[in-house]
S.K.: 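Here it is, the structure in full.
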Amino acid sequence: LSPNVSIAESVERATQVYGVSILVAQSVINICTPAVAAKCRLIDRVKITGCVTPMDLYVIDLDYRSLSVEPPPSMQINWTSRQRFRVRQFLEAEKTMKWSEDTHMVTLFNENPEIACMRFRYTLEFIHVFNMGYQNYAQGEWEVAVRLLSRTRTMLGVVDGPSLALLRYMQQQPYDCKAPPGWNGVRELALAHLQ
């Protein structure tokens, strides 16, 4: 298989390490508009098996559990071929509108009520404190990083997976909250971590 396939599989498996639903690699961020890229949170810089250079990993902070599931319709609908055709036309028009050159994903991201609901718990304070913790982690100031990320781990009312993942990494042996000599901000995310 292509190395890209194994890298994509590793990134997908890393969602479990970081406790997130959507993990985005640096290569995807590079093709996003700056406004869309700004909606993603940098959570780690890793070296993945099969990838020659380290890559940044980002998360799109969306809490899907905050959405309510719509109940099924109370009455049974007997679809006619005409109704099915109209529904298909409607869905096709919606898709065409979203693929239009005039559509900006960041606008959709900002104005969609379901996305707003899923992002509600990720406050500006949380993002700032996490970013400070991540920068200290990347720069090798792990004692400060542990203090800040311990705060963000529970700041949302639920456990923040990326904060927990970085804390576990820094607190494991042999590190014990001290960056190893020669730390360059890159974590080895070997296959063993992804099992």
Side-chain angles (χ1 to χ4, degrees), residues 1-64 119 121-195:
L1 289 175
S2 160
N4 293 332
V5 173
S6 64
I7 291 168
E9 183 182 14
S10 295
V11 170
E12 190 275 329
R13 284 188 181 169
T15 59
Q16 296 169 4
V17 172
Y18 294 99
V20 296
S21 301
I22 303 173
L23 202 56
V24 182
Q26 179 67 47
S27 57
V28 175
I29 295 295
N30 291 342
I31 61 174
C32 289
T33 64
V36 170
K39 299 291 183 188
C40 301
R41 172 169 53 126
L42 175 63
I43 60 167
D44 212 348
R45 183 166 180 79
V46 298
K47 184 133 174 48
I48 293 179
T49 306
C51 188
V52 181
T53 59
M55 74 168 70
D56 290 336
L57 292 179
Y58 294 79
V59 64
I60 301 176
D61 290 317
L62 296 170
D63 179 19
Y64 65 89
R119 287 186 64 83
R121 74 172 66 240
Y122 299 95
T123 64
L124 204 52
E125 179 188 9
F126 167 79
I127 297 298
H128 286 311
V129 174
F130 180 87
N131 287 341
M132 287 189 296
Y134 175 76
Q135 288 303 318
N136 280 284
Y137 159 78
Q139 297 298 318
E141 299 292 331
W142 283 12
E143 289 178 6
V144 176
V146 166
R147 194 180 69 222
L148 292 167
L149 293 172
S150 293
R151 194 169 145 209
T152 59
R153 184 178 69 82
T154 58
M155 202 174 188
L156 300 173
V158 294
V159 173
D160 177 54
S163 298
L164 181 61
L166 295 179
L167 286 167
R168 282 182 178 158
Y169 181 70
M170 290 184 287
Q171 292 170 340
Q172 73 182 353
Q173 295 298 327
Y175 306 131
D176 199 27
C177 301
K178 302 222 182 327
W183 170 253
N184 62 356
V186 178
R187 171 182 176 173
E188 184 79 30
L189 205 57
L191 191 60
H193 297 113
L194 302 175
Q195 297 296 341

S.K.: For a side-chain contact (heavy atoms from CB on, under 4.5 Å) check, start with the C-alpha distance between Val159 and Arg153, then their side-chain angles and the critical distance, and finish with the verdict.
M.R.: CA-CA 5 Å; Val159 173; Arg153 184 178 69 82; 4.1 Å; yes
S.K.: Are the side chains of Ile48 and Glu188 in touch, meaning some heavy atoms are under 4.5 Å apart?
M.R.: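 No, their side chains stay 4.5 Å or more apart.
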S.K.: Answer yes or no: is there a donor N or O on one side and an acceptor on the other, between the side chain of Lys47 and the main chain of Val52, under 3.5 Å?
M.R.: yes
S.K.: With the side chain counted from C-beta on, respond yes when Leu62 and Ile22 share a heavy-atom pair under 4.5 Å apart, and no when they do not.
M.R.: yes
S.K.: Output the distance between atom OH (Tyr134) and atom OG1 (Thr152), rounded to the nearest 0.5 Å.
M.R.: 13.5 Å
S.K.: Is any side-chain heavy atom of Ile29 closer than 4.5 Å to one of Cys40?
M.R.: yes
S.K.: Residues in ring pair (Phe, Tyr, Trp, His ring centres under 6.0 Å) with Phe130, at least two apart?
M.R.: none
S.K.: When rounded to the nearest 0.5 angstrom, what is the spacing between CG in Leu148 and CD in Gln135?
M.R.: 11.5 Å
S.K.: CD1 of Ile127 to CE of Met132: how many Å apart, nearest 0.5 Å?
M.R.: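 Nearest 0.5 Å value for the CD1-CE distance: 12.0 Å.
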S.K.: Report yes if the distance between the aromatic ring centroids of Trp183 and Tyr137 is under 6.0 Å, otherwise no.
M.R.: yes
S.K.: Under 4.0 Å between a Lys/Arg side-chain N and an Asp/Glu carboxylate O for Arg151 and Glu125?
M.R.: yes
S.K.: Determine, for Glu143 against Arg147, whether the closest basic-nitrogen to carboxylate-oxygen distance falls under 4.0 angstrom.
M.R.: no
S.K.: Measure the OH-CG distance between Tyr58 and Leu23 for me, rounded to the nearest 0.5 Å.
M.R.: 11.5 Å
S.K.: A side-chain contact here means heavy atoms from C-beta on lying under 4.5 Å apart; do Leu156 and Tyr122 qualify?
M.R.: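 The answer is yes; the side chains approach within 4.5 Å.
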S.K.: Side-chain contact, heavy-atom cut-off 4.5 Å: Leu164 with Arg168?
M.R.: yes
S.K.: Working to the nearest 0.5 angstrom, can you tell me the gap between Arg187 CZ and Arg45 CZ?
M.R.: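 Going from CZ on Arg187 over to CZ on Arg45, the span is 14.5 Å.
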S.K.: I'd like to check Ser27 versus Met55 (side-chain heavy atoms, cut-off strictly below 4.5 Å). Are they in contact?
M.R.: no
S.K.: May I ask you to establish whether Arg121 and Phe126 are in a cation-pi arrangement, using a distance under 6.0 Å from NZ or CZ to the six-membered ring centre and at most 45° from the ring axis?
M.R.: no
S.K.: Look at the side chain of Asn184 and the backbone N and O of Val186, then say whether any donor-acceptor pair between them is shorter than 3.5 Å.
M.R.: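 Checked: pair present.
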S.K.: Compare all side-chain heavy atoms of Ile60 with those of Val24 and state whether any distance is below 4.5 angstrom.
M.R.: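 Heavy-atom side-chain distance check passes, below 4.5 Å.
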S.K.: For the side chain of Thr33 and the backbone of Val36, is there at least one donor-acceptor N/O pair under 3.5 Å apart?
M.R.: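 At least one qualifying donor-acceptor pair exists.
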S.K.: Is it true that atom CD of Gln171 has more than 12 heavy atoms of other residues, nucleotides or ligands lying nearer than 6.0 Å?
M.R.: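 Above 12, so yes.
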S.K.: Could you list the residues that satisfy side chain to side chain donor-acceptor pair (under 3.5 Å) with Gln173, not counting sequence neighbours?
M.R.: none
S.K.: Taking C-beta and beyond as the side chain, do Pro54 and Val46 meet within less than 4.5 Å on heavy atoms?
M.R.: no
